[in-house]
Number of protein chains: 2
Amino acid sequence: MSPTHTDVRSLVGAALETPVPADEYDRCPVTEVMRLMSDKWTVIVLVLLGRQPYRFNELHRAIDGISQRMLTRTLRGLESAGLVLREVHPTVPPSVEYRLTPLGQSLLGPLSGLADWAVTNEAALAAGRHPVAAATSSGPH
Amino acid sequence: MSPTHTDVRSLVGAALETPVPADEYDRCPVTEVMRLMSDKWTVIVLVLLGRQPYRFNELHRAIDGISQRMLTRTLRGLESAGLVLREVHPTVPPSVEYRLTPLGQSLLGPLSGLADWAVTNEAALAAGRHPVAAATSSGPH
DNA sequence: CCGAATCCTGGACGATACTG
DNA sequence: CAGTATCGTCCAGGATTCGG
């Protein structure tokens, strides 16, 4: 198992001179995870399911603006990644429950780290570019 | 300044019953950050610039498969978010250097957390769905 | 209640050519 | 060297309809 990473060098290997091969970049686990989370609804679904299991329509009502189609697609994506478990209860009418798998739960930690950063730096981001000490060697005279 | 978040509840407020308003979700800082990072090249550019400053064509050569157009767009996006600083040196021929701002640097930490998770769970993700203790106790065969 | 099938639009992305 | 302009393709995502 990998030791703790202190940076994201896993993405680029150890290459400084070597260009990142397009193929390797495409199959990099970091890239894959970003692809998975980068659609419009996956994160919010992940967060909600992190709090409690939901039935399909509960989720549909809980997320304002999502269509049935996109909820289904989002859940399928998470399911096939092993982050969400789909449980069908053979009742009448049928009900389907979705919950996070342990793997899905474990993603909430890192995701929370990113969320924390986003909230902390919300102001700086909203400001567009923030006031950094621009250090051209010519210097502000 | 916000206290430390232990989960991503900042995204959903405190609402369990209340549906997440589409508008609020759209302007949530977490959503914005995900939007920023969710294109094909932003993450790798961020990572490379985290190691050292790059000139435009250095970056172009370092990332296999990226087009000039997309590199420009990616850098513009990062710049307008305040994560990357663009420095024009009035030499002949002109050279432009890109480096991370302190804000950009600070993003590498949380990003690294996600990368670490991705590498750690690469196997489980590659397997599609992982062998979780399924509710159906009926084993294989 | 849960979801698949179909149609449509906008934006991401790539390739190529051109410019100061 | 560091871009911009233009064109074409592909796919995420919304609306709607149908099925089990």
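When the P atom of D:dG13 is taken as reference, atom NE2 of A:H60 falls 15 Å away, rounded to whole Å. In this structure, OH of B:Y98 is placed 8 Å from C1' of D:dA2, rounded to the nearest angstrom. Remark: P of C:dC1 and CZ of A:R61 are 7 Å apart, rounded to the nearest angstrom. D:dG13 atom P lies 17 Å from atom CD of A:Q68, rounded to whole Å. C:dG14 atom P lies 10 Å from atom OH of A:Y25, rounded to whole Å. A:R86 has its CZ atom 15 Å from the P atom of C:dC1, to the nearest Å. Rounded to whole Å, atom C1' of D:dC1 lies 13 Å from atom NE2 of B:H89. One can place CG of B:D26 at 12 Å from P of D:dG13, the figure rounded to the nearest angstrom.
Neither OP1 nor OP2 of C:dG11 sits under 4.0 Å from any side-chain N or O of B:R35. The phosphate of C:dG3 (OP1 or OP2) has a side-chain N or O of A:R76 nearer than 4.0 angstrom. For B:Y54, no side-chain nitrogen or oxygen approaches OP1 or OP2 of D:dC1 to under 4.0 Å. Checking the phosphate oxygens (OP1, OP2) of D:dT16, no side-chain nitrogen or oxygen of A:R69 falls inside 4.0 Å. At D:dG14, none of the side-chain N or O atoms of A:R73 fall inside 4.0 Å of OP1 or OP2 (strictly under the cut-off).
Listed for the B:T72 side chain is a donor-acceptor partner under 3.5 Å among the backbone atoms of B:Q68. Between the side chain of A:R86 and the backbone N or O of A:R76 there is no donor-acceptor pair closer than 3.5 Å.
The shortest side-chain heavy-atom distance between B:L75 and B:F56 falls under the 4.5 Å cut-off. Looking at B:L108 and B:L100, their side chains come closer than 4.5 Å, going by heavy atoms from C-beta outward.
Here D:dA2 is the nucleotide among C:dC2, C:dC7, D:dA2 with the atom lying nearest to any side-chain atom of B:S95. When distances run from any side-chain atom of A:N57 to the nucleotides C:dC2, D:dC1, C:dC13, the shortest one goes to C:dC2. Residue B:F56 places its side chain closer to D:dA2 than to any other of C:dG3, C:dC2, D:dA2.
For A:T72 and A:P94, each mapped to the nucleotide of DNA chain C holding its nearest heavy atom, the one lying further toward the 5' end belongs to A:P94. Between B:M70 and A:L75, the one whose closest nucleotide on DNA chain C sits nearer the 5' end is A:L75.
Taking the six-membered ring where tryptophan is involved, the planes of A:Y25 and B:W41 are essentially parallel, since the angle between them stays under 30° and well short of 60°.
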